[in-house]
Amino acid sequence: MTVEGERLQKVLARAGFGSRRACDELIDAGRVTVDGTVAELGRRVDPSRDHVAVDGVPVSIREGLVHYLLNKPAGVVTTASDPQGRPTVVELVPEAPRVFSVGRLDADTEGLLIMTNDGDLAHRLTHPSFGVEKEYVAEVQGAPSRASVRRLRDGVELDDGVTAVARVALVEPNVLRIVIHEGRNRQVRRMCDAVGHPVVRLVRTRIGPVSDRRLPPGQWRPITPAELRELEKAAAAPTPR
Ligand code: URA
């Protein structure tokens, strides 16, 4: 057993699992593992090294990790610097510690983007094998027919292959809500192009369990510990194919 380090209950409480007492109860119930082994009360951990999970879901316990939710406005690029001198998403969040965006949104696309220095979680949120859903609202040219909506749902042929099944709803005659879990380059725009309804405006409204209708464009807020746990759950295991 590790003699040095921090008490596991304290680390869990910091990660948002409730009071230290509530965390002790989780440990006592055998729901917490450290490096794959069920932890016992009084356990200490090294947050920089040990892998902690609750109910099999990894918990980010490394100190210094930050997770922000940004509402990206149109015209801001997701890369760290832009040869054309356009504003970048890193200019919209605190400078230190340095963070990067989890995946990308096109310069013209608006909406939710996670910014973090948590490489592990970022990988799991973006890699298609984990299948984390991203929801978009797309205003399109024309009024898609039911057949077009069905095509979007079932998969459309793009130049890099057929898209996976998506959830698609027509919420207004020219507005689609599209939920995908692949994240190919410009996927939603290309899907809509493919059915003859080019996108006029595209907004990402949800990343897995995280949404926020009140966050104004250009603003960010910390992701709450409860949201972080839900994100970890959503990205916990690769989806079987
Ligand atoms: N699909 C797109 O076409 N663009 C984005 O920015 C995100 C998803």
Side-chain angles (χ1 to χ4, degrees), residues 68-84 86-93 99-116 121-142 144 148-149 151-172 174-213 215-220 231 234-235 239:
Y68 307 136
L69 185 68
L70 171 71
N71 186 353
K72 183 184 107 53
V76 175
V77 296
T78 318
T79 44
S81 72
D82 182 53
Q84 295 172 44
R86 290 171 294 185
T88 72
V89 288
V90 290
E91 292 162 18
L92 296 175
V93 294
V99 291
F100 51 86
S101 71
V102 176
R104 276 198 281 171
L105 291 177
D106 304 330
D108 289 349
T109 304
E110 303 159 53
L112 301 181
L113 187 68
I114 295 176
M115 307 282 297
T116 186
L121 180 63
H123 169 73
R124 284 180 285 116
L125 288 175
T126 45
H127 197 279
S129 66
F130 292 89
V132 178
E133 290 187 342
K134 281 100 188 175
E135 180 185 277
Y136 297 86
V137 173
E139 188 187 326
V140 297
Q141 276 175 32
S148 299
V149 171
R151 278 185 63 203
L152 288 169
R153 253 184 222 142
D154 293 346
V156 289
E157 179 83 45
L158 301 180
D159 52 17
D160 53 358
V162 180
T163 57
V165 172
R167 290 217 307 280
V168 183
L170 196 60
V171 290
E172 281 175 44
N174 64 334
V175 178
L176 293 159
R177 184 185 302 121
I178 302 181
V179 180
I180 57 172
H181 48 83
E182 292 182 286
R184 300 192 218 167
N185 192 27
R186 297 181 73 82
Q187 181 167 342
V188 174
R189 291 176 196 275
R190 291 190 293 138
M191 286 169 72
C192 293
D193 279 343
V195 297
H197 295 282
V199 166
V200 176
R201 184 177 176 210
L202 186 59
V203 183
R204 180 150 72 184
T205 49
R206 184 166 62 79
I207 302 165
V210 175
S211 61
D212 189 332
R213 286 162 177 259
L215 189 63
Q219 302 287 306
W220 65 274
L231 278 170
T239 42

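In each ligand, atom 1 is the first atom listed, and ligand 1 is the first ligand listed. Just so you know, residue 1 is the first one in the sequence shown, and it goes up from there. Hydrogens, waters and symmetry mates are skipped; everything else that's a heavy atom, side chains included, is used.
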Next on the checklist: If you compare all heavy atoms of Thr163 against all heavy atoms of Leu158, which two are closest, and at what distance to 0.1 Å?
Outcome noted: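 Scanning both residues completely, I find the closest heavy atoms to be CG2-CD1, 3.4 Å.
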
Checklist entry - Can you name the closest pair of heavy atoms from Gly111 and Val203 and give their distance? => result CA-CG1, 4.1 Å

Checklist entry - Can you find an N/O atom of Arg189 closer than 3.5 Å to an N/O atom of ligand 1? => result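 Such a contact does occur with ligand 1.
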
Next on the checklist: Are any of the N/O atoms on Arg104, whether in the backbone or the side chain, positioned under 3.5 angstrom from an N/O atom of ligand 1?
Outcome noted: no

Checklist entry - Where on Leu202 is there a heavy atom closer than 4.0 Å to ligand 1, on the side chain, on the backbone, on both, or on neither? => result side chain

Item to check | Part of Asp106 within contact of ligand 1 (heavy atoms, under 4.0 Å) | outcome: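 Under 4.0 Å from ligand 1, Asp106 contributes backbone and side-chain atoms.
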
Item to check | Whether Tyr68 and Trp220 hold their rings parallel, tilted or perpendicular, with breakpoints at 30° and 60° | outcome: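 Rings of Tyr68 and Trp220: tilted, as their planes differ by 30° to 60°.
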
Next on the checklist: Please determine whether a side-chain nitrogen of the Lys or Arg among Arg201 and Glu139 lies less than 4.0 Å from a carboxylate oxygen of the Asp or Glu.
Outcome noted: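 No salt bridge links Arg201 with Glu139.
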
Atoms in ligand 1 flagged as close to [X], the criterion being non-hydrogen separation under 4.0 Å:
X	result
Gln187	1 (N), 2 (C), 3 (O)
Tyr136	7 (C), 8 (C)
Thr109	4 (N), 5 (C), 6 (O)

Next on the checklist: Students should be able to answer this: which protein heavy-atom is nearest to atom 1 (N) of ligand 1, and at what distance?
Outcome noted: Val188 N, 3.1 Å

Checklist entry - With side chains defined as the heavy atoms from C-beta onward, is the minimum distance between Ser211 and Thr205 less than 4.5 Å? => result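 Counting from C-beta outward, Ser211 and Thr205 never come under 4.5 Å.
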
Item to check | Result of checking Arg190, Arg184, Arg186 against Asp159 for salt bridge (Lys or Arg N to Asp or Glu O under 4.0 Å) | outcome: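 Testing Asp159 for a salt bridge (Lys or Arg N to Asp or Glu O under 4.0 Å) against Arg190, Arg184, Arg186 leaves exactly one candidate, Arg190.
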
